[in-house]
Asker: 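Got a structure for you, questions after.
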Amino acid sequence: MAALWYGSHYVIKGRTAMVAITNRIKWLLDFRFLPSKFQYWLFQRGTRAIEFISAIGLIGFAVVFHINDGTMYDLPLYHKFAEIEEWKIVVTLGAVGCLQLLTLGYSSIKATALSGYMLLISSLIWALISVAFYMSYPPLNTGMVVPPLLAFVCMLAGHNMIQYALMQHDADKK
């Protein structure tokens, strides 16, 4: 590749096009093309539903694992969950779910960022749950559809909440 002198540094041909494409994709995924009022509603109010559904789902999984006391590991769909100690599953899912519910009550910039990070953590947890269900294949089951969707939605919402909080923080500084 040929390098061009640009200002105080070299720019590799083709790299500038890749940066432009990356910036365009980021602009789309961050939903920055939406009007600012709609962005405010989406990232301050709309994502609250995603947080609530994720939190209730995680707490629900924790309660089910706690109540069944290891008997559900005998089922073919849940045998991969037995590789992690049950108390770790219950504590992790319950703690993340409860923290998500706690952050729902606040609307400050810091709380929005914290909610975003909690959604990213829950996205990872939902992805791990979906991997456990995929490892149990066959048979096809709802655990192969719902947790991956929740992982994607939580990741997207969490990322955008953090970006929106940073944007708001920068706007408040000015």
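As the structure is a computational prediction, the values presented were derived from the model and not from experiment.
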Asker: Does P148 reach the side chain of Y134, with side-chain heavy atoms less than 4.5 Å apart?
Answerer: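 Heavy-atom side-chain distance check passes, below 4.5 Å.
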Asker: Quick check: closest heavy atoms across G116 and M161, and the distance to 0.1 Å?
Answerer: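 Nearest heavy atoms, G116 then M161: CA-CB, 4.0 Å.
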Asker: State plainly whether one hydrophobic cluster holds both I84 and M72, where clusters connect Ile, Leu, Val, Met, Phe, Trp and Tyr through side-chain heavy atoms under 4.5 angstrom apart.
Answerer: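 Yes.
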Asker: Flag the pair S54 / W126 as yes when at least one side-chain heavy-atom distance between them is below 4.5 Å, and no otherwise.
Answerer: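 The answer is yes; the side chains approach within 4.5 Å.
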Asker: Which residues satisfy the side chain to side chain contact (heavy atoms under 4.5 Å, CB included) test with A49, sequence neighbours excluded?
Answerer: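 Residues passing side chain to side chain contact (heavy atoms under 4.5 Å, CB included) with A49: none at all.
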Asker: Taking L156 as the starting point, is it possible to reach L120 by hopping between hydrophobic residues whose side chains are less than 4.5 Å apart?
Answerer: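 They do share one cluster, since a chain of ILVMFWY contacts under 4.5 Å joins L120 to L156.
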Asker: Which heavy atom in A127 sits nearest to a heavy atom in A151, and how many Å separate them?
Answerer: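 Closest approach of A127 to A151, heavy atoms only: N-CB, 3.7 Å.
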Asker: With distance as the sole criterion, is a donor-acceptor pair present between the side chains of Q100 and S115 under 3.5 Å?
Answerer: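 Result is no, nothing qualifies.
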Asker: Tell me every residue that passes salt bridge (charged side-chain N to carboxylate O under 4.0 Å, His left out) with K110, counting only those two or more places apart in sequence or in another chain.
Answerer: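 With neighbours one apart ignored, the set is empty.
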Asker: Can you tell which of L101, L93, V64 makes a side chain to side chain contact (heavy atoms under 4.5 Å, CB included) with I59?
Answerer: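 With I59 as partner, L101, L93, V64 yield a single side chain to side chain contact (heavy atoms under 4.5 Å, CB included), made by L101.
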Asker: What about L99 and I129, same hydrophobic cluster or not, with Ile/Leu/Val/Met/Phe/Trp/Tyr joined at side-chain heavy-atom distances under 4.5 Å?
Answerer: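 Result: yes, single cluster for both.
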Asker: I need the M155 CE to N160 CG distance, nearest 0.5 Å.
Answerer: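 Going from the CE atom of M155 to the CG atom of N160 covers 9.5 Å.
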Asker: I need the L114 CG to L102 CG distance, nearest 0.5 Å.
Answerer: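 Interatomic distance, L114 CG to L102 CG, rounded to 0.5 Å: 9.5 Å.
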Asker: Kindly state each residue pair satisfying side-chain hydrogen bond (donor to acceptor under 3.5 Å, both in side chains) with at least one member in residues 86-95, sequence neighbours excluded.
Answerer: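 Counting only pairs at least two positions apart or across chains, the side-chain hydrogen bond (donor to acceptor under 3.5 Å, both in side chains) contacts touching residues 86-95 are E85-W87.
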Asker: Under 4.5 Å between any side-chain heavy atoms of Q163 and H159, yes or no?
Answerer: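 Sidechains of H159 and Q163: in contact.
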Asker: With rounding to the nearest 0.5 angstrom, report the CG to CZ distance, L104 to R48.
Answerer: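 Spacing of CG (L104) from CZ (R48) equals 6.0 Å.
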Asker: For the backbone of T112 and the side chain of Y106, can you confirm whether one donor and one acceptor N or O come within less than 3.5 Å of each other?
Answerer: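 No; judged by distance alone, with no hydrogens or angles, the pair does not exist.
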Asker: With sequence neighbours left out, write down each residue that passes side chain to side chain contact (heavy atoms under 4.5 Å, CB included) with I50, or none if nothing qualifies.
Answerer: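 Applying side chain to side chain contact (heavy atoms under 4.5 Å, CB included) to I50 gives L119, V153, C154, A157.
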Asker: Roughly how far, to the nearest 0.5 Å, is the CE atom of M118 from the SG atom of C98?
Answerer: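 Reported to 0.5 Å precision, the distance equals 9.5 Å.
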Asker: Taking only residues two or more places apart in sequence or in another chain, which ones pass side chain to side chain contact (heavy atoms under 4.5 Å, CB included) with V146?
Answerer: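 Partners of V146 under the side chain to side chain contact (heavy atoms under 4.5 Å, CB included) test: L150.
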Asker: For F81, what residues pass the ring-ring contact (aromatic ring centres under 6.0 Å, His included) criterion, not counting sequence neighbours?
Answerer: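 Expected list: F65, Y78, F133.
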Asker: Let me see the working for V63 and V90 under side-chain contact (heavy atoms from CB on, under 4.5 Å), right down to the final yes or no.
Answerer: CA-CA 7 Å; V63 167; V90 171; over 6 Å; no
